[in-house]
Undergrad: 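One structure is given below, represented as C-alpha cells, and several questions about it will come after.
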There are 2 protein chains.
Amino acid sequence: MAARRKVGNLLGLAVLAYLSRAPMHPYELSRTLRDYGDDRSIKFNHGSLYMVVQQLAKAGFVTELETTREGQRPERTVYAITDGGRAELHDWLRELVSEPEHEYPNFVSALSLIAALHPDDAVERLRSRLTGLAARRAEAQKLIDDSLAEGVPELFLIEEEFRVAQLDTEAAFVERLITRITDPVAGWGPGWAQVHAAMTAQAPPGPAEPQA
Amino acid sequence: MAARRKVGNLLGLAVLAYLSRAPMHPYELSRTLRDYGDDRSIKFNHGSLYMVVQQLAKAGFVTELETTREGQRPERTVYAITDGGRAELHDWLRELVSEPEHEYPNFVSALSLIAALHPDDAVERLRSRLTGLAARRAEAQKLIDDSLAEGVPELFLIEEEFRVAQLDTEAAFVERLITRITDPVAGWGPGWAQVHAAMTAQAPPGPAEPQA
DNA sequence: GGGGTCATGTAATAGGTTACATGATTCT
DNA sequence: AGAATCATGTAACCTATTACATGACCCC
C-alpha cells in the first residue's frame, strides 16, 4: 500500500513540510510540531521522529547540513530539505488529498462486531459515547475559536473544522442508531436479543453446526 | 494507550467474537472473516492473524483445543475461547463503543499540511477527491443493498451505513472547502497564494534566516 | 545546592507485514 | 499431466514505541 513511498510514515511528510521553510535539527522539529499543534493531526512521538528523519536522509529527501554543539549538550545535527524532498512533499500531499484511502477507524470496527453485545448494553454504551463525542467536539471548537481570536488564518484550521463536521455526523448517527434499536414498535431490540442469545449459547448439546 | 490490553490488535477482537460462536482453526477464521466481509472494517492480513491468535493464546483468552490432520496437509490447531476471553471480548467492545478515541485519518493529516500546495493545485486535487469519494460511497451503498436483498439483517450492516454517512459528510465538506477557496469575492485563493509564495521562497540570497 | 524539568539523543523491545515454503485440489 | 489456485503455516524483516541516559537550566 504505502510501500511505494520510500518513507511511509506521515510524520515524514510533516518533517518535509517544515524543512521546506527552513533547515532545522530534530529537536527543533519536535518542538515546532508540538507548538503548532500538528501532533493533533499526525501521530507523533519523540522516538519516531528521529527514526523518520534518518529514513528521509537515507532516501535522499533531506541532507545533513551541519553539526553544531552548544556547551556540553549533545551535538545537534541540522537537516535541510533537498530538491528530491521537495518533489516528494508535493507529490505525496497531492496523492493524499486526491485519493481517498480505505481506513479502519476503531468505531467502525466496533460497529462491525457490536452484535456480540446485548442490545441493552449496546444502547447504554452508545449513550455514553454521545457525551464523549460532545466533549471532543467542544474541545475542537474551542481550539478553533481561540486560534481565530489569536489571528491564525482559517487556512490553518481546516483539519479541526473537518473533525468537527465528522464528530457531528457521528453523533447524529449514534443518536439515530439508538432510536432504531429502542423504537418500541419497529426497534431491533427484541430480534437482536434473540440473535444474541443464540450466539451466546454454548451449543454444547447436539451436533456441531454444519458448515456453509 | 492500548498498552493496557494484553492484545491490542483489533483483529484479535474479531477472532474472539468468532470463537465465541464455535471453536475454529486459524485458517477457518481467516476464511470466515473474509467471507463475512469483516476485512472491510478490521485491518486483516494473513500473517497477522496467526500472530494475533498466538498472542491471544499466551494471554489466556483462547486455548488450543485439539490438533487434527487431514491427509498430508499441515496440522491444523483448533482454538476455543476461554471464559477470560469472553470477558475480554465484552469489556473491550464496550470500551470501544463508549469511548471515542483520538485518531489520525490520512485526510486529516493532509488537510493540516495542505497549505504547502499552491491553492490552484489544492483545488484541483480536491475536485479529484470528490469523484473518488462518490465511487466509494456507491460501492458501500451497493454492498448494503445487495446484502439486504440477500436477507442479511440490517444489524450486521451498521458499519457500512456509518461509512456512507461519513463519506457524505466528507464530500459536503470538500465541496464547501472548494468554494471557500475559489469564491471570487472572499475566497482564500489570493491570500493563500501569497503565503505559499513566501513559504516556497528559498531565501537563497542574503544571510540565513535568524532563529526564533 | 538538590530536585525537577528541559534538551537531546540512542538502544532495546515488541509488533506487524512481506516473503517464503509446500502439499492438495481443480481446471484444461 | 502441467498450471493455477487453495490450504496452511513459518520465518525474516522492517517499523514503531518504550525505555534508558545524561548534561544543562531553573526554582526554592
Side-chain angles (χ1 to χ4, degrees), chain A residues 1-15 23-35 39 42-59 64 66-79 101-104 109 211-212, chain B residues 1-15 23-35 39 42-59 61-62 64 66-79 101-104 109 211-212:
Chain A
M1 161 197 342
R4 250 192 24 270
R5 305 249 163 226
K6 300 257 200 70
V7 176
N9 193 328
L10 282 187
L11 187 52
L13 188 68
V15 168
M24 292 194 230
H25 53 90
Y27 192 85
E28 198 179 351
L29 279 165
S30 168
R31 167 58 40 158
T32 309
L33 290 183
R34 227 101 49 67
D35 284 352
D39 57 347
I42 292 178
K43 182 141 50 171
F44 173 83
N45 87 32
H46 184 67
S48 306
L49 180 65
Y50 286 85
M51 190 196 19
V52 160
V53 169
Q54 270 172 221
Q55 287 169 187
L56 289 173
K58 191 187 321 184
E64 207 164 309
E66 53 174 350
T67 297
T68 65
R69 173 190 293 263
E70 271 180 33
Q72 264 336 293
R73 295 201 212 131
E75 285 188 347
R76 300 172 314 176
T77 305
V78 177
Y79 291 88
E101 274 278 332
H102 191 86
E103 293 176 70
Y104 305 86
S109 304
Q211 303 288 98
Chain B
M1 161 197 344
R4 249 193 24 270
R5 304 253 163 224
K6 301 258 200 76
V7 177
N9 194 328
L10 282 186
L11 187 52
L13 187 69
V15 168
M24 293 193 229
H25 53 89
Y27 193 86
E28 197 178 353
L29 279 166
S30 170
R31 166 57 40 156
T32 310
L33 290 184
R34 228 100 51 67
D35 285 352
D39 57 347
I42 292 178
K43 182 141 49 170
F44 173 83
N45 88 35
H46 183 67
S48 305
L49 181 66
Y50 286 87
M51 188 195 22
V52 160
V53 169
Q54 270 173 221
Q55 287 168 188
L56 289 172
K58 189 187 321 180
F61 297 143
V62 306
E64 206 163 309
E66 54 175 348
T67 297
T68 65
R69 173 190 293 264
E70 271 180 31
Q72 261 340 290
R73 295 201 213 133
E75 285 189 345
R76 301 171 314 177
T77 306
V78 177
Y79 291 88
E101 273 277 333
H102 190 86
E103 293 177 71
Y104 304 85
S109 304
Q211 304 288 97

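Below, chain A is the first sequence line, B the second, and so on; all start at residue 1.
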Undergrad: Report the nucleotide, chosen from D:dG9, C:dT8, C:dT17, that has the shortest atom-to-atom distance to any side-chain atom of B:Lys43.
TA: C:dT17
Undergrad: Can you measure A:Arg5 atom CZ to D:dT15 atom P for me and round it to whole angstrom units?
TA: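 To the nearest whole Å, that distance equals 15 Å.
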Undergrad: Does B:Thr32 use its side chain to pair, donor to acceptor, with the backbone of B:Glu28 at less than 3.5 Å?
TA: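 Indeed, once roles are kept as given, a pair shorter than 3.5 Å links the two residues.
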Undergrad: As a test of reading the structure: which of D:dT17, C:dG9, C:dT17 is closest to the side chain of A:Ser48, going by heavy atoms?
TA: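 Of the candidates, D:dT17 comes closest.
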Undergrad: To the nearest Å, give me how far apart CG (B:Leu33) and P (D:dA7) are.
TA: 15 Å
Undergrad: Does B:Asn9 make a side-chain N or O approach to OP1 or OP2 of C:dG15 shorter than 4.0 Å?
TA: no
Undergrad: Can you measure A:Tyr50 atom OH to D:dA21 atom P for me and round it to whole angstrom units?
TA: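 Between P of D:dA21 and OH of A:Tyr50: 18 Å.
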Undergrad: Under 4.0 Å, counting only non-hydrogen atoms across every strand here, what does A:His46 touch: a base, just sugar-phosphate, or nothing?
TA: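 Here A:His46 touches the bases of the nucleic acid.
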Undergrad: Which residue, B:Arg31 or B:Gly47, contacts DNA chain D at a nucleotide closer to its 5' end, judged by nearest heavy atom?
TA: B:Arg31
Undergrad: Would you mind reading off the distance between A:Met51 atom CE and C:dA11 atom P, rounded to a whole angstrom?
TA: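 Interatomic distance, CE of A:Met51 to P of C:dA11: 15 Å.
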Undergrad: Among C:dT8, D:dT17, D:dC6, which is the nearest nucleotide to the side chain of B:Tyr27?
TA: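 So the side chain of B:Tyr27 is nearest to D:dC6.
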Undergrad: Rounded to the Å, how far apart are A:Glu28 CD and C:dA7 P?
TA: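 Atom-to-atom, A:Glu28 to C:dA7, this comes out as 11 Å.
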Undergrad: Does A:Gln55 put a side-chain nitrogen or oxygen below 4.0 Å from OP1 or OP2 of D:dA16?
TA: yes
Undergrad: Locate the shortest heavy-atom distance separating B:Leu56 from B:Gly12; write the atom from each residue and the value.
TA: CD1-O, 3.9 Å
Undergrad: Can you find a pair of side-chain heavy atoms, one from A:Thr77 and one from A:His25, that are under 4.5 Å apart?
TA: no
Undergrad: Rounded to the Å, how far apart are B:Gln54 CD and D:dT8 P?
TA: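 These atoms are roughly 17 Å apart.
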Undergrad: What nucleotide among C:dT17, D:dA7, C:dT8 has an atom nearest to a side-chain atom of B:Asn45?
TA: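 Shortest atom-to-atom distance from the side chain points to C:dT17.
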Undergrad: From the list D:dT8, C:dG16, D:dA16, which nucleotide is the closest neighbour of the side chain of B:His25?
TA: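 Side chain of B:His25 sits closest to D:dT8.
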Undergrad: What is the distance, to the nearest angstrom, from the CZ atom on B:Arg76 to the P atom on C:dA24?
TA: 13 Å
Undergrad: Could you tell me which non-hydrogen atom of A:Val53 sits nearest to which non-hydrogen atom of A:Val15, and how far apart they are?
TA: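 Scanning both residues completely, I find the closest heavy atoms to be CG2-CG1, 4.4 Å.
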